[in-house]
Amino acid sequence: MLDFLGTKQRTHTCGELRTAHAGQTVTIMGWVNRRRDHGNLIFLDLRDRYGMTQVVLDKDLSPDGHAKAEQARPEYVICATGAVRERGKDAVNPKMPTGEIEIAASELLILNDAKVPPFSPAEEAIGNEEVRLKYRYIDLRRPEMQHNFEVRHKVALAVRKYLSSQGFFEIETPFMTRSTPEGARDYLVPSRVHPGEFYALPQSPQLFKQILMISGMDRYFQIARCFRDEDLRADRQPEFTQIDLEMTFPQQETVFRVVEGFLAAAFKAVGIALPTPFPQITYDEAMRRFGIDKPDLRLPGLTDVREAFTVGQLETLAIDPALPIVAVRVPKVGELSRKEREDNRPLFDMRKGAKLIDDLKRLEKTFPEVVAKVRAAADANEHDLLVIVAGDPTHHIRASDTKLTGRLSEREIAVLSAAGNLRVELAKKYADRHGCFGVTDAVVGDPERETGLVEGSRAFRPIWVTDFPMFEYDEAEQQWMPAHHPFTSPHDEDMDRLVSDPASVRARYYDLAMNGLELGSGSIRIHRQDVQQEIFRALGMSDEEAKTRFGFFLEALQYGTPPHGGIALGLDRLVMILAGATSLREVIAFPKTAKAIDLMVDAPTPVSDAQLRELHIRPTKQ
RNA sequence: GGGGACGUAGUUCAGUUGGUUAGAAUGCUGCCCUGUCACGGCAGAGGUCGCGGGUUCGAGCCCCGUCGUCCCCGCCA
């Protein structure tokens, strides 16, 4: 029943034939997307990565081919040879790029059959992720998935090309290494040769890339796999890919220009113009204006409306005059009903003393002039949703005024971040009303879009967030902790306050945010041994402890370390944004479930006792 | 570790207050069909209602447990 391929060769893909090919005899191969059987006339849609082409089997023209086509079923692998024929006017399918032609097959080979698939790649929407992941090879046949991986490939290629053009070497670093100072749990690899000892899979190539700078490699990059044994989210997988780079003698701006360069190149590769340079904002300003350290610029920011209130009014309304009072505006959402407001309450975090005024109509009855001022300040019209977030003066639990993070107090941050999160949550909930998020899908969701840059697209809004605080106060441990890894350099002019006022010390640390997602983060590193020691001491770490934990690196630092810095960007997240997807699973070929299981290969699994014995491992019983 | 949603035909789902034989669409199988493109027509097959226990005369539906998928919190410097 099945045919041998013999010496047949594919002459064209299923996506490239046009009317210009009419008259040519061609051979195409692909999967049966759909079969339409009209008795003596059978249509087969052949699908491959490049597209779909209609093959016609006419019993008069090719009785053998027609007989084969009768046996063909969805997902059978077919080889069709025949003449390209322009379709009659009434037979043109304007929905298909190849819809003006068809192949009048003179010969049809069934190269392979297929079991009835659990779902069809030809179907538009499929829900069950469990089935999709188990039969991932079928899921990946879907045009949407193939498009996602085309985007992923083009982005990676553009990044490589650009960085290479800027003098960066792509250098690999080990997968089997030792635990590094990152904060996540390690995946461990037992050593057979060294009983009881383990390698760790890298959470990032952080220390290796710094050592490459010490090694004089000048500019390094890597599209690097990273591993972190933490619980998953829609935007977090246990193994993920970073565009990792490091350079010698940079200013912060030097790093920014490089990243802007390769991102612009990557976006251009998928047909989108990304204007550079990207805007910048300090951490403090981001918190004040957006209530979050990864602002989504597609939405209006928070508005400071303190001035709209008199001291007396604040007292009547039980609002803390010392804390920020901000308006959250969501365009075009309109007034909410009492029930809608009720439903939205869980979106607001009042645990740390923030308070929400979500019924401006009611407030307007008592204080019409206040509401008028708030509306004016927030630039709101009657079609916008507007709420006010302020501080609750009766709330003094835990949050303190004295322990500062940067120049904002913990209580100020509590109010601002409650407002900032509400802003994002409301926008997500009413996305279909304000339409600020919609453009993304329209721009890149169309696999057929091949040409034409979307000039200055407002769908993708990157922003640098700079000057993060160097330290965070850990309430549980009652001590200052590095907000990032301990090799991040503080600002030169903040150095003298390391001990006296750690809260005010700014790090030369930066994030790149896009559309409310953290795309990447980096820093200018510490390159001097004496500074590094000071930082460790500021963190309450003894010289001995530092030596045990990072000895090899501290040693390396002493052999002529140049100033250096870099950044790492999440490739998966970047592609996710470009693909308009909401989960990393849509842009990772073989992802894991929320419980870190690979449903296709069924991993992890128990291993044999012999294997464990060899590795000197004895599992503990539950 | 915690919270929430979901689990019924291959797939997507419906299933009333707990009541007789669990439905639809699609897919699948067979037959018919020479211009379809989500082809159409006729006929048919297809169910451990995730799993285990309980309540009840009677459970897809109620209760307890458990497993799985997804989302969130914690966690992820």
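Being a predicted model, the structure only gives us computed values, none of them experimental. Atom set for the values below is all heavy atoms of this structure, side chains included, hydrogens, waters and symmetry mates excluded. Just so we're on the same page: letters track the sequence lines, and every chain starts at 1.
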Report yes or no: is the ring centroid of A:His38 under 5.5 Å from the six-membered base ring centroid of B:rC39, with the two planes under 30 degrees?
-> yes

Pair A:Ser523-A:Tyr510, side-chain donor/acceptor within less than 3.5 Å | no

Would you check if there is a donor-acceptor pair between the side chains of A:Asp244 and A:Tyr220 at a distance under 3.5 Å?
-> yes

Output yes when at least one side-chain N/O atom of A:Arg73 is less than 4.0 Å from OP1 or OP2 of B:rU29, else no.
-> yes

Pairs where residues 74-96 of chain A contributes a residue and the test ring-ring contact (aromatic ring centres under 6.0 Å, His included) is met, not counting sequence neighbours = none

Indicate, yes or no, whether a donor-acceptor pair under 3.5 Å links the base of B:rG74 to the side chain of A:Asp231.
-> yes

Would one find a side-chain N or O of A:Asn40 under 4.0 angstrom from OP1 or OP2 of B:rC33?
-> no

For A:Asp45 and B:rG35, give me the distance from atom CG to atom C1', rounded to whole Å.
-> 13 Å

Mind checking side-chain hydrogen bond (donor to acceptor under 3.5 Å, both in side chains) for A:Arg341 and listing every partner two or more places apart, or none if nothing turns up?
-> A:Asp359

Is the phosphate of B:rU69, meaning OP1 or OP2, less than 4.0 Å from a side-chain N or O of A:Lys134?
-> no

B:rC75 phosphate, OP1 or OP2: any side-chain N/O from A:Arg228 under 4.0 angstrom?
-> no

Within residues 589-596 of chain A, the residues having a heavy atom closer than 4.0 Å to RNA chain B are A:Thr593, A:Ala594, A:Lys595

Verify the stacking flag for A:Phe119 against B:rU11: centroid separation must be under 5.5 angstrom and the ring planes must differ by under 30 degrees.
-> no

Does A:Arg36 place a side-chain N or O at less than 4.0 Å from the phosphate oxygens OP1/OP2 of B:rC39?
-> yes

Please state the C1' separation for the pair B:rG46 and B:rU26 - nearest whole angstrom.
-> 13 Å

Roughly how many Å is it from NZ in A:Lys115 to P in B:rU11, rounded to a whole number?
-> 13 Å

Can a salt bridge be assigned to the pair A:Glu129 and A:Arg585 using a cut-off of 4.0 Å between side-chain N and carboxylate O?
-> yes

Closest nucleotide among B:rU69, B:rU34, B:rU36 to the A:Ala91 side chain = B:rU36

